[in-house]
Chemist: 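Structure incoming, see below.
Atom set for the values below is all heavy atoms of this structure, side chains included, hydrogens, waters and symmetry mates excluded.
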Amino acid sequence: MSEFPWSAASATGVGSHPGDDHVESLRVVFGELPDLPYLPELPDRGVGADMIGRTASLLVELPVTVQPSGWRFTDRPGRDLRRAVSHLTRDLDALEEVAQGYEGPLKIQVCGPWTLAASIELRHGDKTLADPGAVRDLTDSLAEGLAAHMADVRARVPGARLIVQLDEPGLPGVLAGTVPTASGFGRLAAVEAPVAAERLRAVLPADAFTIVHCCAPGVPYGVLREAGVNGVSLDMGLLRRREEDAVGEAIEAGIALFLGVVPGTDTRLPDIGVVAKPAVELWRRLGFGPARLAEQVVLTPSCGLAGASPAYARTALARCREAARVLREDPGDE
């Protein structure tokens, strides 16, 4: 029996979908990805449906509001936060309806603590990232809010085995010291790797399979391993050969790879063998036997699908599902 919560040769999506029909998006996900569905996000719906606002709605005793510069902490909950909570509640209501009777792995996504800290401003206008104490408060609040969110999802889909994805596109910049200040004229100090790992670890729930998605160049595999993640989600198009040793160490440590192999915006898609080929070749270059490829690797689009057409989003998910079978059926011939 695999130690991973999905069956071999599985595929899934990263998170976001186009449009504003949350019920239809859920039906597409459960229809095209019956073995590893997820709760889609629809940022086109506006304020509070974006990655930052959606996750900020989970924070405990840290209300937020929207300013011209973006999301900012505030003294009391207001209209923007109510919108975010409303979007998420409607999504969960639809999930309960569409997933009725479902048993198996189910992925949910929230923004990770470092990307939140690099995005949300403090009341006086500086970014949260500039204040280590504020970062600690944010991560503690996120951990508490995520636990409540998971309990809500489990109550609505009792047969689900939760996979929790933290979206951390901002983490490489946090570690490199390239995050701009609120004014935009300076850069915030780099966060040391052990601190980054420790705060990530504080948010990762112990009672779920956890992955971190990073669609930016320079995925910090060492930090993610130190934090204790169970899986790493990345865009194969951004993976450089010099990073492959770190990927191999992660595989040896038993970490799952969610490999983005299909573009996130409309294009002509190649056949399934071509789609699967980057994953197969990476596995071979790193010297791993084919037996575990289909278990430890999940195929996904390269990033979210919010910029795609609804028809392409459906096709992209189907192509990932079909290509994942190549990993199990005949990986050596691709």
Chemist: State whether R154 and D207 are salt-bridged, where the test is any N-O pair (Lys NZ or Arg NE/NH1/NH2 against Asp/Glu carboxylate O) under 4.0 Å.
Modeler: yes
Chemist: Would E243 and R240 count as a salt bridge (charged side-chain N to carboxylate O under 4.0 Å, His left out) here? Give the steps.
Modeler: CA-CA 5 Å; E243 299 172 310; R240 300 294 175 255; over 6 Å; no
Chemist: Could you list the donor-acceptor pairs under 3.5 angstrom formed between side-chain atoms of residues 210-217 and any protein atom two or more places apart in sequence or on another chain?
Modeler:
unit_1: T210; atom_1: OG1; unit_2: N230; atom_2: OD1; d: 3.1
unit_1: H213; atom_1: ND1; unit_2: S233; atom_2: OG; d: 2.8

Chemist: Is it the case that over 12 heavy atoms from other parts of the model lie below 6.0 angstrom from the CD atom of E192?
Modeler: no
Chemist: Do S69 and E121 pair up side chain to side chain, a donor and an acceptor below 3.5 Å, judged on atom types alone?
Modeler: yes
Chemist: Look only at the side chain of S10 and the backbone of D35, and say whether a donor-acceptor pair between them is shorter than 3.5 Å.
Modeler: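 Side chain of S10 to backbone of D35: no pair is present.
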Chemist: Is it true that V261 and V14 fall in one hydrophobic cluster, defined by side-chain heavy atoms closer than 4.5 Å?
Modeler: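 No.
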Chemist: Test R54 against every option in D167, D91, D80 by the salt bridge (Lys or Arg N to Asp or Glu O under 4.0 Å) rule and name the one that passes.
Modeler: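 With R54 as partner, salt bridge (Lys or Arg N to Asp or Glu O under 4.0 Å) holds for just one option, D91.
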Chemist: Salt bridge (charged side-chain N to carboxylate O under 4.0 Å, His left out) for E198 and R201? Distances and angles first, verdict last.
Modeler: CA-CA 5 Å; E198 188 265 334; R201 192 182 310 118; 5.7 Å; no
Chemist: Report the residues that fulfil side-chain hydrogen bond (donor to acceptor under 3.5 Å, both in side chains) with Q109, sequence neighbours left out, ordered by chain and then residue number.
Modeler: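 Testing Q109 for side-chain hydrogen bond (donor to acceptor under 3.5 Å, both in side chains), a comparison that skips the adjacent residues, returns E41, K107.
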Chemist: With heavy-atom distances below 4.5 Å as the criterion, would you say the side chains of W6 and I163 are in contact?
Modeler: yes
Chemist: In the structure I gave you, are the side-chain heavy atoms of W114 and T139 within less than 4.5 Å of one another anywhere?
Modeler: no
Chemist: Any chance you could lay out the salt bridge (charged side-chain N to carboxylate O under 4.0 Å, His left out) test for R328 and E295, step after step, and finish with the verdict?
Modeler: CA-CA 8 Å; R328 177 182 58 195; E295 292 186 0; over 6 Å; no
Chemist: Checking salt bridge (charged side-chain N to carboxylate O under 4.0 Å, His left out) for the pair R156/E97: CA distance, chi angles, key distance, verdict?
Modeler: CA-CA 9 Å; R156 293 167 182 269; E97 175 188 337; over 6 Å; no
